[in-house]
Amino acid sequence: MAADEDPEPGPLVRMFAVTGGRARPVGEAFDVIAVVTTIGMPYDQAGLSPEHLAALRVATRPTTVADIGTRLRLPLNITRVLLSDLRREGLVSIDPPAATAGVLNERIYQEVLNGLRAL
Amino acid sequence: MDYARSDTLAIKILIAGGFGVGKTTMVSAVSEIQPLSTEELLSDRGARVDDTSGVEAKTTTTVALDFGRITLREGLWIYLFGTPGQDRFWFMWDELAIGALGAVVLADTRRLGDAFPAVDFFEQRRIPYMVAVNLFDGARRHDPAVIRRALAVPGHVPLVPCDARERESVKEVLLTLVRHAREMSRVGA
Ligand SMILES: Nc1nc2c(ncn2[C@@H]2O[C@H](COP(=O)(O)OP(=O)(O)OP(=O)(O)O)[C@@H](O)[C@H]2O)c(=O)[nH]1
Ligand SMILES: [Mg+2]
C-alpha cells in the first residue's frame with residue numbers, strides 16, 4: 001500500500017491542516033460521485049490552500065468527487081469540504097451524478113452486466 | 001465534457017459488513033485503481049450521535065472507508081464504497097446509499113450476527129442488496145438456508161458463497177447483485 005511508504009503525517013493531521021478542522025461541507029449536500037467541473041482558476045489565490053488549487057487543476061476535466069479524493073489522497077469527507085469551499089467561491093460547479101438508481105433502466109443494467117462479464 | 005454526455009454514467013455499489021469481514025479485500029480484488037482506504041473524520045453530526053454523556057463533545061469519530069473504481073467502458077464506471085455496517089455509522093451510510101444501484105453485505109460464518117445491522121439497514125430502505133458469505137479458511141461450511149434464516153434474509157435476496165480475495169469470485173458477486181437490482185426494478189415498475 002502506498003500509505004505505508006508515505007512519510008507524511010496521518011490523514012487526520014493533514015485534514016485539520018487542510019480544512020481548519022471543519023468536517024462538514026458548506027452549502028447544499030452533494031454526492032460522493034457528483035461531478036465537479038472547474039469554472040476557472042482564481043484571479044486571487046489568497047485564502048486557497050495548495051489542496052484547493054490541486055483540486056481545481058484536477059477538475060479542469062469533469063471529475064467525480066471520489067476521483068478527486070483519490071488524486072489528492074485525501075479522505076472523501078475532507079475532499080467534500082474543500083470542494084464546497086471552491087463552489088462557494090464560484091470556482092467549480094458540482095452536478096449530481098448522471099443517473100441515480102431511480103433512472104437506471106433495462107438498457108443500463110444490461111450494459112453493466114455485459115461490461116462486468118467482459119472484465 | 002465527458003460526464004455531460006447522456007451516454008456517460010457513474011454507478012455506485014456499496015460493500016457493507018462487520019469489522020474484518022473482507023470489505024477492503026473485496027474492493028481491492030476488482031478495483032482498477034489502488035483502492036483508497038481512508039480514515040474518514042465524521043461530522044459534528046456523527047460525533048453527536050455517538051455522544052450520550054456530553055462529556056466527550058469534542059471527540060471526533062473516524063471510520064474506515066474504502067473506495068475503488070471499475071471502468072466498464074469509456075463513460076461507464078462502477079464506484080465501490082466499502083465501510084463497516086455499524087449502527088453508529090448509519091448517517092454516513094444514509095448519504096452513501098442515495099442513488100446506489102445496490103449493496104453487498106459481506107458475512108463471516110464465524111460471526112454471522114455482525115452482518116445483521118447491514119441487512120436490516122438495506123431491508124428498511126428498500127435498497128437492493130445481497131449477502132456474500134466470505135469463506136474464511138478454517139471456517140465451517142454452513143448450509144445457506146441456515147444462514148438465511150439466521151440473518152432473516154427474505155427468500156428473493158441472493159445469498160452466495162464467495163472468496164473476497166479472488167477477482168473472479170467478486171465479479172460473480174457483482175453480477176449477481178446487478179441481476180438482482182434489475183429484477184427488483186422490474187418488480188417495482
Ligand atoms: N480465507 C479468506 N480470508 C480472507 C477473505 N477475505 C478477506 N480475508 C482476509 O481477512 C482479513 C481481513 O480482511 P479485510 O479486507 O481487511 O477486512 P475489512 O472488512 O476491510 O476489515 P476492517 O476494515 O478492519 O473492518 C485479511 O487478512 C484478508 O486477507 C476470504 O474470502 N477468505
Ligand atoms: Mg477494511
Side-chain angles (χ1 to χ4, degrees), chain A residues 1-3 10-16 19 21-25 29-37 61-67 69-81 95-119, chain B residues 1-12 30 32-47 60 62 65 67-73 75-79 81 92 95-102 127-128 167-168 171-172 174-175 178-179 181-183 185-186 189:
Chain A
M1 284 295 285
L12 289 184
V13 177
R14 275 184 78 198
M15 189 213 72
F16 272 105
T19 72
R22 293 169 301 143
R24 294 301 296 176
F30 52 92
D31 200 281
V32 284
I33 58 167
V35 177
V36 184
T37 310
R61 194 161 181 261
T63 308
T64 59
V65 173
D67 284 336
T70 307
R71 291 283 293 277
L72 269 52
R73 304 189 47 207
L74 284 171
L76 283 179
N77 286 347
I78 305 322
T79 306
R80 281 204 283 202
V81 172
D95 300 307
T100 49
V103 303
L104 289 181
N105 57 33
E106 198 64 29
R107 186 184 62 84
I108 294 168
Y109 281 118
Q110 197 52 52
E111 240 201 296
V112 172
L113 289 171
N114 293 343
L116 275 172
R117 276 193 211 102
L119 278 185
Chain B
M1 303 277 284
D2 300 339
Y3 286 88
R5 297 208 318 263
S6 60
D7 60 343
T8 69
L9 194 58
I11 283 167
K12 205 163 36 166
V30 285
E32 69 202 10
I33 54 172
Q34 170 88 266
L36 184 71
S37 294
T38 58
E39 284 284 309
E40 296 290 327
L41 185 109
L42 299 187
S43 64
D44 311 325
R45 186 154 52 104
T60 48
T62 63
L65 179 71
F67 157 59
R69 193 187 60 208
I70 305 170
T71 301
L72 296 179
R73 62 159 164 78
L76 184 60
W77 301 271
I78 293 178
Y79 287 83
F81 294 95
M92 181 163 124
E95 269 186 41
L96 280 174
I98 295 171
L101 176 144
I127 294 164
R167 182 180 159 85
E168 285 306 312
K171 258 176 65 175
E172 202 47 58
L174 294 179
L175 280 166
V178 176
R179 277 191 218 106
R182 178 177 65 178
E183 207 50 44
S185 79
R186 283 173 179 164

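Sequence lines set the chain letters: A, B, ... in the order given, protein chains first and strands last, and positions in each chain run from 1.
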* Asked: Under the 3.5 angstrom rule, does the side chain of A/R80 hit a backbone N or O of A/F30 as a donor-acceptor pair?
  -> yes
* Can you tell which part of B/R69 gets under 4.5 Å to a heavy atom of chain A, answering side chain, backbone, both or neither? => side chain
* Kindly say whether B/L96 contributes a backbone atom to a donor-acceptor pair with the side chain of B/K12 at under 3.5 angstrom? => yes
* Which portion of A/R71 sits near chain B, non-hydrogen atoms under 4.5 angstrom -> neither
* **Residue selection (most heavy-atom pairs with chain B, distance under 4.5 Å) from A/A118, A/A66, A/G69, A/G115** => A/A66
* Check step by step if side-chain contact (heavy atoms from CB on, under 4.5 Å) holds for B/L76 and B/I11. => CA-CA 8 Å; B/L76 184 60; B/I11 283 167; 4.2 Å; yes
* **Side-chain heavy atoms of B/L72 within contact of A/E111, under 4.5 Å** => no
* Asked: Using non-hydrogen atoms only, which part of B/R179 is less than 4.5 Å away from chain A: side chain, backbone, both, or neither?
  -> both
